[in-house]
Amino acid sequence: MWAVSALGAALSRDPGRRAHSALSRLRGILEGELDSIRGAGTWKSERVITSRQGPRIRVSGVSGGPWAAVCSLSPPSEILNFCANNYLGLSSHPEVIQAGLQTLKEFGAGLSSVRFICGTQSIHKDLEKKIAHFHQREDAILYPSCFDANAGLFEALLTAEDAVLSDELNHASIIDGIRLCKAHKFRYRHLDMADLEAKLKEAQKHRLRLVATDGAFSMDGDIAPLQEICNLASRYDALVFVDECHATGFLGPTGRGTDELLGVKDQVTIINSTLGKALGGASGGYTTGPGPLVSLLRQRARPYLFSNSLPPAVVGCASKALDMLMEDNSIVQSMAAKTERFRSKMKAAGFTISGVNHPICPVMLGDARLASGMADDMLKKGIFVIGFSYPVVPKGKARIRVQISAVHSEEDIDRCVEAFVEVGRRHGALP
């Protein structure tokens, strides 16, 4: 007892020693957490890319694999990239890059301000108008990311009088955004319309009812049944919100997204999406929908009010990407055939591929260590893919998520399948 009291007295006389003790405890807690992640096989390492984003990239410390030397399309130092959200291949398109450079020269590196103080340039307003026109909505508002758009929407729109109904597998940014609002929260089973209807019946006493769903689910490659969702919303007097991050630019006949794909553009009230995937791949997100909603978000959405404006170069790149897509959507048409080629060949080889007709093609493996080990060996074969495991996906549902790009060739796709078959057999994932 005396020793403990003496230690306490010593610490009280020496603030530096007390701070060191607190830091030591923190380090011990953090190291324990990190060790548990490693032990579970869910540790996520970051591979360092030393080139532009594209279908072929260079990765620090990695060669292109044994096939690269005989592949006429790639020098030996390059590997095939099958895990980027670069759906249309515009991240390194010369015209997109040039637009970014020109905007950088004309409008500078940044605004050093939030939008409402001195951070709104003509290019920001022009891009917002272009986005609204693209989606055939009244207005649009830009954010630094779609994560911010989702963080800003629900808290600003919904009150304790309202209800929000969310698919259980919605993106983390939707989940976090909903947590911030005071509305009554209902979670319905993934794509389960009977459960959604039951929740809508339960929510009838509330002022507003908002059904929130991803258009395309990024981990599973499946698409929300928007026709059924919109029918239920109409029956129970609800609004529909769709996150289109993994749909904008390439789903639907002209790339407008899942609402165009499924013929419900006039029934979806609010769309959030990103400029950081198909539309140039840099950064930025947005909300588009009714004019009064966008006006309210400019007044109340905290990520908009307290974040610096989107950098001019990012605005220039995204604006050019939208121009290219609206002028010629032929690149959209090539996505379906390439996606089907990969999916059909992988299924024929014996793999289970989640989702339907989406360029996100999750190769379902179940075990986190298996997914991680196979992804590492795929890299040795010259194929860049990543294993996904808990907490990114549910426990027991680890996978390697393959993503097809419009700029992948048929030869690229066939080589990826061949590597999967070889590595899968080595790891016992295939007979």
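Of all heavy-atom pairs spanning Tyr236 and Lys201, the tightest one is OH-CE, 3.0 Å.
Among Asp148, Asn150, Thr274, the single residue meeting the side-chain hydrogen bond (donor to acceptor under 3.5 Å, both in side chains) criterion with Ser173 is Asn150. For the side-chain hydrogen bond (donor to acceptor under 3.5 Å, both in side chains) criterion with Asp167, the lone passing option out of Arg189, His190, Arg187 is His190.
The pair Arg235-Glu197 counts as a salt bridge, with a side-chain nitrogen and a carboxylate oxygen less than 4.0 angstrom apart. We find that Arg298 and Glu128 are joined by a salt bridge, their nearest charged nitrogen and carboxylate oxygen being less than 4.0 Å apart. At a threshold of 4.0 Å, the pair Lys199-Asp195 counts as salt-bridged, since one of the basic side-chain nitrogens sits closer than that to a carboxylate oxygen. For the pair Asp259 and Lys265, the salt-bridge criterion is not met [side-chain N within less than 4.0 Å of a carboxylate O]. The residues Arg415 and Asp412 are annotated as not salt-bridged, no charged nitrogen and carboxylate oxygen being separated by less than 4.0 angstrom. With respect to the salt-bridge test (charged N to carboxylate O, under 4.0 angstrom), the residues Asp162 and Arg209 do not qualify. At a threshold of 4.0 Å, the pair Glu327-Lys320 does not count as salt-bridged, since none of the basic side-chain nitrogens sits closer than that to a carboxylate oxygen.
In this structure, His408 has its ring center under 6.0 Å from that of Phe82. Less than 6.0 angstrom separates the ring centroid of Phe154 from the ring centroid of Phe241. Between His358 and Phe250, the ring center distance clears the sub-6.0 Å criterion. Aromatic pair Phe351/Phe420: ring centres closer than 6.0 Å.
Checking Ser21 against Arg25 by side-chain atom types alone, a donor-acceptor pair falls below 3.5 Å. There is no side-chain donor-acceptor pair under 3.5 Å between Ser405 and Asn86.
In this structure, NZ on Lys380 lies 13.5 Å from CD1 on Ile79, to the nearest 0.5 angstrom. Remark: Leu251 CG to Met335 CE distance equals 8.0 Å, nearest 0.5 Å.
Taking the ring axis of Tyr390 as reference, the NZ or CZ atom of Lys395 stays within 45° of it and closer than 6.0 Å to the ring centre.
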